[in-house]
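Predicted model only: the values in this text are computed from it and were never measured.
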Amino acid sequence: MQIATQPLRTPTEPMPKNGLFFGVMIPPTESGQFAACYHSFQRIYRFTNRPIGPDRMHMSLCSVYSGDDLGEQDIRTAIRAGDAIRFGPFPVTFDRALTYRNTKSKMPFVLAAPDSADPVNGLRFQLGREYSKLSGSIGYRQRPIQPHVTLVWDQISVPENSIEPLTIIVQEFALVRSYIGFGKYDILNRWPLVRL
């Protein structure tokens, strides 16, 4: 099972300015539980950076763009892909907390769901296939990810811990534009999940 982290970059490679992805935004009614979990680990590990705010807390599904020249056509294609999806609501249970290690100065501390969280990857595959078809990409192939929600990016590395299971019901997904390096998101569209 692949852990969903950003691709490694060389120090000289500049960060892209824009990201475009499908994700599940954590509702305000649920984000307090994630924040409480962050604070319980903060007391032990003393993170040095600010946690992800409730307006940006999310579970990524499928990245469709990362670069400097995000255009209206890219956004329109992604919206058409979202419009084509038919998927029912489903639960996701997060039962572990850990740091995903990488070679950057900051690493994501996350709450992770079991690798067997099939509905997340089912929705991810549908979105990726549809976007690939509409954008004319050839040879689409998307690997499964471990569903997770990032709580903070920090230099502190936390080993894997079991946590009291935290379950959310996914009832919608969103198309999100990320202004990379600025900690800013624009929600461009949302789609409800409807029981089939």
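Put simply, the side chain of Leu20 reaches to within 4.5 Å of the side chain of Leu188, judged on heavy atoms. Using a 4.5 Å heavy-atom cutoff, the side chains of Thr150 and Val110 are in contact. Proximity of Tyr131 to Ser63: side-chain heavy atoms (C-beta onward) are nowhere separated by under 4.5 Å. Residues Val152 and Gln42 fail the side-chain proximity criterion, which asks for heavy atoms closer than 4.5 Å. You'll find the side chain of Leu123 reaches within 4.5 Å of the side chain of Phe90, heavy atoms only. You'll find the side chain of Pro144 stays beyond 4.5 Å of the side chain of Asp118, heavy atoms only. Contact of the Ser31 side chain with the Ile26 side chain is registered, since non-hydrogen atoms from C-beta on lie closer than 4.5 Å. Using a 4.5 Å heavy-atom threshold, the side chains of Ile156 and Arg46 count as separate.
For the pair Tyr45 and Pro159, the tightest heavy-atom approach, listed with the atom from each and the gap, is OH-CD, 3.7 Å. In terms of heavy-atom proximity, Gly122 sits nearest to Phe87 at C-CE1, 3.7 Å. Across all non-hydrogen atoms, the minimal contact from Asn102 to Met107 is OD1-CG, 3.3 Å. The nearest pair of heavy atoms linking Glu172 to Arg190 is OE2-NH1, 2.7 Å. Scanning all heavy atoms of the two residues, the minimum distance from Ser105 to Gln155 falls at O-CG, 3.1 Å. Scanning both residues, Ile145 and Leu61, for their nearest heavy atoms gives CD1-O, 4.3 Å.
Judged by distance alone, the side chain of Arg96 and the main-chain N or O of Ile163 form no donor-acceptor pair under 3.5 Å. Between the side chain of Asn49 and the main chain of Phe47, no donor-acceptor pair closer than 3.5 Å is present. Between the side chain of Ser132 and the backbone N or O of Arg129 there is no donor-acceptor pair closer than 3.5 Å. Judged by distance alone, with hydrogens and angles left aside, the side-chain atoms of Arg195 form no donor-acceptor pair with the main-chain N or O of Gly88 at under 3.5 Å. Counting only distance, with no hydrogens or angles, the side chain of Asp95 and the backbone of Ser162 share no donor-acceptor pair below 3.5 Å. Listed for the Thr99 side chain is a donor-acceptor partner under 3.5 Å among the backbone atoms of Val158. Asp154 places a side-chain N or O within donor-acceptor distance of the main-chain N or O of Thr48, the cut-off being under 3.5 Å.
Here CG of Leu127 is found 5.0 Å from CZ of Phe173. Values are rounded to the nearest 0.5 Å. Distance CZ/Arg177 to NZ/Lys184: 8.5 Å, rounded to 0.5 Å. The line from CZ of Arg143 to CZ of Phe125 is 10.5 Å long, rounded to the nearest 0.5 Å. Rounding to the nearest 0.5 angstrom, the gap separating the SG atom in Cys37 from the CG atom in Leu111 is 4.5 Å. Rounding to the nearest 0.5 Å places OG of Ser157 at 10.0 Å from CZ of Phe109. Note: Ile168 CD1 to Gln33 CD = 9.5 Å, rounded to the nearest 0.5 Å.
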Side-chain donor-acceptor pairs of residues 70-83 under 3.5 Å, sequence neighbours excluded:
| from | atom 1 | to | atom 2 | distance (Å) |
| --- | --- | --- | --- | --- |
| Gln73 | OE1 | Arg76 | NH2 | 3.1 |
| Gln73 | NE2 | Thr77 | OG1 | 3.2 |
| Asp74 | OD2 | Gly71 | N | 2.9 |
| Thr77 | OG1 | Gln73 | O | 2.9 |
| Asp83 | OD1 | Trp191 | NE1 | 2.8 |

Kindly indicate, with the supporting measurements, whether the criterion ring-ring contact (aromatic ring centres under 6.0 Å, His included) is fulfilled by Phe34 and Phe94. CA-CA 10 Å; Phe34 289 84; Phe94 301 90; 5.6 Å; yes

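In this structure, Met25 shares a hydrophobic cluster with Phe21, Val176, Tyr185, Ile187, the cluster being traced through Ile, Leu, Val, Met, Phe, Trp and Tyr side chains under 4.5 angstrom apart.
In this view, Lys106 satisfies the salt bridge (charged side-chain N to carboxylate O under 4.0 Å, His left out) rule with no residue, not counting sequence neighbours.
Under the 4.5 Å side-chain heavy-atom criterion for ILVMFWY residues, no single connected hydrophobic cluster contains both Val64 and Leu134.
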